Every structure is written in C-alpha cells, then in structure tokens.
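Data first, discussion second: the structure below is written as structure tokens.
Note that the structure is a prediction, hence the values are computed from the model and not measured.
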Amino acid sequence: MSTSTSPAARRDGYEIPRQRMIDHLRGHYRISDQRVLEAMGTIPRHEFVPEALKAQAYKDNALPIASGQTISQPFIVARMTELLELKGRERVLEIGAGSGYQTAVLATLARKVFAIERLANLAAEAKEKLRRLGFQNVSLRCDDGTKGWEVYAPFDAILVAAGGPSIPEPLVMQLEVGGRLVIPVGEAQKAQTLVRVIRTETGFESSDFGPCSFVPLIGQHGWS
C-alpha cells in the first residue's frame, strides 16, 4: 500500500470501532487481501458520512448520504475492491463516487483514480473531502458515468458503485486487456448480482459473486 497517497493513521477517537470493522471483515466475511484491510483500517470512514451518522460509520451496513444516495456497507466496499486485485500500479476508473469513501480506498491502493459522480453536489463535496484528507492521485468530475472516461482509457480496473440493468458497453470497451470490471447487475433496480468481467486477448470472461443491492445506475447506458 502506498502511504504517500493515503491519509496517515491518526488518533481521531474512532480507532476502536475502525479496528472492529476490520476484524469483522477478516473474521466474518473472510476478506483476505491484506492491502484492502490495511487501507480501510487507515481511512477515516466517519469523514464521509453526515455529521449525525458519524457514530454509525463503522457499523456493518450502508448509510444514507445526500441526494438519496448511500455510502456502501464496509463489506461491499472491501469485496468489490478485493475483486479488482489491485497491486499498486493501476489506473482505476470509478463510477459513482458518492461521498468519496470508495474513491479514497481505491486511491490508497492504486496509482491513479479517475472518478465520476452524476450528482454535482456530491461530486463537489467528495472532491473537497479527498483534497482535505491529502489525496493527490484522484481526478473527479461530474458526468454520466455509464459512458466512462474515454480520453483516459484504457483502465486496468473499473469499479461501478451503482446497479445497472446490464453492463454498459463503453465501460467494457475501456478496459485494458487483463483488466477487471466489477459491477452490480440486475433486471430489478434494487436487487442485483455482483459481477466481475475480465478482458482477455480474445474477448471477455464474466463471473458472479452473489446477490447485492445498490442504488440505480442512471445514465445513457444504465437506467433512464
């Protein structure tokens, strides 16, 4: 894990609940990527939730943020990140930055993160939080994430933090050969399956990793 682009471990009064979260991810959910656990054990998740919910930031559930969106359950953040198999040199595209917590995790583990958030207020808040916490390897913009960010493609990894009816074709086409795309997919807006797509020399390989529930992926190549 690169410490130069991640917030330093700090005494902020949340050390105990943050460690409990990590222990639960390791023991109950069998998250085994040590770099993911170290990143999530360092990043102040409470900084990415509303003031009234800070005491709940490290509990095992999603939490509401602005504009009817959510910050994902810690397990989902860990699982999706683990499935990307980041080693530290990757260029990662994130769709649905939300409050910026998943962005921070990715930025701690990868060389560069290109993040897109559809809602302008969330994009502005996430950008400010990430800047304040010292992340310098994130480019974040407000746009339709289902179209990807073609000017910076191809990407080594793509993470989509919203559920679509199918896998947006522009995202698949913006994957590097050997690259991994993790996305919730489902015909119902509130029930999906977590899917990983790996681009090969001859096509794509897809694997399912169980049920999940995300806010809808809105955009040209998602829900209308």
Side-chain angles (χ1 to χ4, degrees), residues 1-65 69-88 90 92 94 96-111 113 115 126 129-130 132-135 137-138 157 159-163 180 182-184 191-196 207-215:
M1 183 173 64
S2 173
T3 56
S4 63
T5 55
S6 62
R10 63 197 69 205
R11 293 205 169 273
D12 53 19
Y14 291 88
E15 297 89 357
I16 292 175
R18 191 158 49 239
Q19 186 57 50
R20 285 176 180 158
M21 177 187 75
I22 298 304
D23 293 343
H24 193 60
L25 291 172
R26 181 187 289 113
H28 181 74
Y29 290 115
R30 299 292 188 263
I31 299 298
S32 59
D33 189 324
Q34 188 60 30
R35 296 182 73 245
V36 173
L37 294 170
E38 288 178 2
M40 293 181 65
T42 300
I43 297 167
R45 181 175 163 92
H46 60 278
E47 296 284 357
F48 296 91
V49 303
E51 188 69 31
L53 297 177
K54 285 187 183 295
Q56 301 180 47
Y58 298 96
K59 292 186 177 180
D60 188 29
N61 51 265
L63 293 171
I65 55 175
Q69 303 301 295
T70 60
I71 178 174
S72 295
Q73 174 190 11
F75 162 64
I76 290 295
V77 173
R79 185 62 170 142
M80 293 181 77
T81 307
E82 184 174 59
L83 288 173
L84 292 179
E85 300 179 3
L86 301 175
K87 305 302 181 187
E90 296 86 358
V92 180
E94 181 197 18
S99 65
Y101 177 68
Q102 175 73 78
T103 316
V105 174
L106 295 172
T108 304
L109 296 169
R111 176 164 59 96
V113 176
K129 286 176 184 176
L130 292 164
R132 178 164 47 83
L133 289 170
F135 289 96
N137 62 332
V138 175
L159 185 149
V160 183
R180 298 157 298 283
V182 176
I183 179 174
Q192 303 99 18
T193 298
L194 192 60
V195 175
R196 180 173 68 179
S207 304
D208 294 351
F209 290 90
C212 58
S213 180
F214 277 77
V215 296

* To do: Begin with the C-alpha distance, continue with both residues' side-chain angles, and end with the deciding distance and a verdict on side-chain contact (heavy atoms from CB on, under 4.5 Å) for Asp12 and Glu47.
  => CA-CA 10 Å; Asp12 53 19; Glu47 296 284 357; over 6 Å; no
* Structure fact -> When rounded to the nearest 0.5 Å, the distance separating CG of Asp33 from CE of Met40 is 11.5 Å
* From His24 atom NE2 to Gln19 atom CD, the distance as rounded to the nearest 0.5 Å -> 13.5 Å
* To do: For residues Leu133 and Pro44, report the shortest heavy-atom separation together with the two atoms involved.
  => CD2-CG, 4.0 Å
* Considering only heavy atoms from C-beta outward, does the side chain of Asn137 approach that of Arg111 to under 4.5 Å? -> no
* Structure fact -> Lys87 meets the side chain to side chain contact (heavy atoms under 4.5 Å, CB included) criterion, sequence neighbours left out, with Glu90
* Structure fact -> With sequence neighbours left out, the residues meeting ring-ring contact (aromatic ring centres under 6.0 Å, His included) with Phe214 are none
* Identify the two heavy atoms, one from Arg18 and one from Ile43, that lie closest to each other, and give their separation to 0.1 Å. => CD-O, 3.6 Å
* Asked: Do the side chains of Arg45 and Ile71 get nearer than 4.5 Å, heavy atoms only?
  -> yes
* Check whether any side-chain heavy atom of Gln56 lies under 4.5 Å from a side-chain heavy atom of Val49, and answer yes or no. => no
* Do Arg196 side-chain atoms and Phe209 backbone N/O form a donor-acceptor pair below 3.5 Å? -> no
* To do: Could you tell me whether Asp23 and Arg26 make a salt bridge, using a distance below 4.0 angstrom between a side-chain N and a carboxylate O?
  => yes
* Locate the shortest heavy-atom distance separating Leu84 from Ala157; write the atom from each residue and the value. => CD2-CB, 3.9 Å
* To do: Could you tell me whether the side chains of Gln102 and Thr81 share a donor-acceptor contact shorter than 3.5 Å?
  => yes
* Structure fact -> Between Ile22 and Leu37 the two heavy atoms that sit nearest each other are CD1-O, 3.4 Å
* Taking the inter-plane angle between the rings of Tyr14 and Tyr58 on a 0 to 90° scale, is it parallel (under 30°), tilted (30 to 60°) or perpendicular (over 60°)? -> tilted
* Asked: Less than 4.5 Å apart, any side-chain heavy atom of Thr108 and any of Thr42?
  -> no
* To do: Mind listing the closest non-hydrogen atom pair of Tyr101 and Met21 along with its distance?
  => OH-CE, 4.1 Å
* To do: List the atom of Ile183, the atom of Ala162, and the distance in Å for their closest heavy-atom pair.
  => CG1-O, 4.3 Å
* Does the side chain of Leu25 reach to within under 4.5 Å of the side chain of Val36, using non-hydrogen atoms? -> no
* Can you find a heavy atom in the side chain of Leu63 that is under 4.5 Å from one in the side chain of Pro50? -> no
* For Glu82, which residues count as a side chain to side chain donor-acceptor pair (under 3.5 Å) partner, sequence neighbours excluded? -> Ser32, Arg79
* Check whether any side-chain heavy atom of Arg180 sits under 4.5 Å from a side-chain heavy atom of Leu83, and report yes or no. => no
* Does the side-chain contact (heavy atoms from CB on, under 4.5 Å) test come out yes or no for Leu109 and Val92, once each step is laid out? -> CA-CA 10 Å; Leu109 296 169; Val92 180; over 6 Å; no
* Structure fact -> Rounding to 0.5 Å, atoms CD1 (Ile65) and OG1 (Thr70) come to a distance of 6.5 Å
* Side-chain heavy-atom pair Phe135, Val113 within 4.5 angstrom cut-off -> no
* To do: To the nearest 0.5 angstrom, please state how far the CZ atom of Arg35 sits from the CD atom of Glu38.
  => 8.5 Å
